[in-house]
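Structure record follows, encoded as structure tokens.
Because the structure is a prediction, the values reported are computed rather than measured. The chains referred to below are lettered A, B, ... by the order of the sequence lines, with proteins before strands, and numbering in each begins at 1. Note: hydrogens, waters and symmetry copies are ignored here, and every other heavy atom, side chains too, is used.
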There are 2 protein chains.
Amino acid sequence: MTKSADTKVKDRDDGLDMGPLPNLMGYLTRRAQMAIFEDFHARFADEDIRPAQYSVLKLIALNPGARQTEVSAALGIQRSNFGPMFDALEQRGLVERRPLEADRRSLALYLTASGEAAMVRLDALVEAHEAKFVKRIGLQGKVTLQTLLFLLTSGE
Amino acid sequence: MTKSADTKVKDRDDGLDMGPLPNLMGYLTRRAQMAIFEDFHARFADEDIRPAQYSVLKLIALNPGARQTEVSAALGIQRSNFGPMFDALEQRGLVERRPLEADRRSLALYLTASGEAAMVRLDALVEAHEAKFVKRIGLQGKVTLQTLLFLLTSGE
DNA sequence: TATTGTTATACTCTATAACTATA
DNA sequence: TATAGTTATAGAGTATAACAATA
């Protein structure tokens, strides 16, 4: 209520008072995800592959012949957004679509030979990427984190 | 090498084989963050406030008079993107800029009376939002998660 | 010279609706 | 009628560079 209270607008020694913000799980996961993706982007710059692209390639590698709707749904990507994203990978010769005889509406997805070769390199990059963060929290920490994040995601 | 191996393109009982994807920390944090933000968006739809906007409002509430560069840097937002974002909040009468006499390049940020009133409602929404996820992993789980995510973020 | 804030721009990601061809 | 994939579009989020005013 005093004039001096108006003057002392902020306690600012080194930085700002973040209050409870750094304890909010949404804030925490967002910042952690950004830190992890930043490392990913740096490592995959030469290969010009982004996280979502890697997840698509990996899913097709594990499930050759899967249809677009299956892959996009499994990754939480809209069907309408999956098409153009896949086009980019296809134009680079990493993947291909093949008509499905059983259902002529559908297209089955496959890695090309070039895509298979790329996966060997990409998997190695992912392994190094992953190891960097495991080093920070330990193997037990990673297991705990997996459990907690899974529980967070899969709720009511 | 056989024709039958070509036929059995994929083991697909219910869904796709995700392989090690769900164990990658980047994938896990991304999916968790999306689940948390989805709940946030639903709760804050009526107030028309997004996570980044809440963090800006909260930071100004805790640090009245803070300058734009300070707030944007603390939240990891580019200076050039902070301006238009703040404009939207200002046009809604929640915040305001005031010239700094000490440095006429800078603008000090404040909540308006309307903004202060809004924060009471928003903080209540955040509390309920947070409680939903604490319920899934327990209070100890939240503390552990905070520790792990902080360690992940603050590395070399 | 360096910094604060602004403007312009561009690229990615995400979300929705409408369309086609098949089923 | 419903589904697979496409197209168009729009809104966020993010990133960089250049600029004017001020330090």
Side-chain angles (χ1 to χ4, degrees), chain A residues 16 26-27 29-31 33-38 40-42 44-45 48-56 60 65-91 95-110, chain B residues 12 16 26-27 29-31 33-38 40-42 44-45 48-56 60 65-91 95-109:
Chain A
L16 296 184
Y27 184 87
T29 54
R30 171 177 164 264
R31 297 301 290 247
Q33 194 235 300
M34 285 180 66
I36 295 172
F37 274 29
E38 190 177 352
F40 190 102
H41 286 130
F44 286 74
D48 194 21
I49 291 288
R50 276 174 296 280
Q53 290 177 317
Y54 173 76
S55 67
V56 168
I60 297 175
R67 288 172 287 120
Q68 290 198 183
T69 300
E70 291 180 298
V71 174
S72 60
L75 295 174
I77 302 173
Q78 303 285 330
R79 266 191 339 220
S80 56
N81 296 327
F82 186 87
M85 177 194 176
F86 193 85
D87 289 341
L89 297 173
E90 193 165 36
Q91 280 158 23
V95 292
E96 60 181 2
R97 299 178 232 231
R98 292 189 216 155
L100 250 190
E101 299 163 14
D103 184 342
R104 279 154 57 208
R105 294 173 303 181
S106 298
L107 295 171
L109 307 182
Y110 297 90
Chain B
R12 198 188 321 161
L16 295 185
Y27 184 88
T29 54
R30 171 178 164 263
R31 296 301 290 247
Q33 194 234 301
M34 285 180 66
I36 295 172
F37 273 30
E38 189 178 354
F40 189 103
H41 286 129
F44 285 74
D48 194 19
I49 291 289
R50 276 174 296 279
Q53 290 178 316
Y54 173 77
S55 68
V56 168
I60 298 175
R67 288 173 288 118
Q68 288 197 183
T69 299
E70 292 179 298
V71 174
S72 61
L75 294 174
I77 303 172
Q78 303 285 329
R79 268 195 334 233
S80 55
N81 296 326
F82 186 87
M85 178 195 176
F86 194 85
D87 290 342
L89 296 173
E90 193 165 35
Q91 280 157 22
V95 292
E96 61 181 2
R97 297 179 233 232
R98 292 188 215 156
L100 250 191
E101 299 163 15
D103 184 342
R104 279 154 57 209
R105 294 173 303 183
S106 299
L107 295 170
L109 308 182

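When the salt bridge (Lys or Arg N to Asp or Glu O under 4.0 Å) test is applied to B:Arg105, the partners found at least two apart in sequence or on another chain are B:Asp103. Residues that satisfy the salt bridge (Lys or Arg N to Asp or Glu O under 4.0 Å) test with A:Arg50, not counting sequence neighbours, are absent from this structure. Contacts of B:Phe44 classified as ring-ring contact (aromatic ring centres under 6.0 Å, His included), with partners at least two apart in sequence or in another chain: B:Phe40.
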**Test side chain to side chain contact (heavy atoms under 4.5 Å, CB included) applied to A:Phe86 and A:Ile77, step by step** = CA-CA 11 Å; A:Phe86 193 85; A:Ile77 302 173; over 6 Å; no
**Message:** With side chain to side chain contact (heavy atoms under 4.5 Å, CB included) as the criterion, how do B:Val56 and B:Val95 come out once you've worked through the C-alpha distance, each side chain's angles and the decisive distance to 0.1 Å?
**Reply:** CA-CA 10 Å; B:Val56 168; B:Val95 292; 6.0 Å; no
**Asked** Just by protein heavy atoms under 4.0 Å, how would nucleotides 13-21 of chain C read 5' to 3' in B, S and -?
**Response** SBBBB---B
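Taken to the nearest 0.5 Å, the CD atom of B:Gln33 stands 12.5 Å off from the OH atom of A:Tyr27. If you take OG1 on B:Thr29 and CE on A:Met34, they are separated by 11.5 Å, rounding to the nearest 0.5 Å.
Rounded to whole Å, atom P of C:dT12 lies 15 Å from atom CZ of A:Phe40. Atom P of nucleotide C:dA2 and atom CZ of B:Arg104 are separated by 22 Å, given to the nearest angstrom. Whole-Å rounding puts the A:Gln53 CD to C:dT12 P distance at 9 Å.
Using a 4.0 Å cutoff to heavy atoms of chain B, the contacted part of DNA chain D runs 5' to 3' from D:dA12 to D:dA23.
Sorted by first and then second residue, the side-chain hydrogen bond (donor to acceptor under 3.5 Å, both in side chains) pairs involving residues 79-88 of chain A (not counting sequence neighbours) are A:Asp87-A:Arg97.
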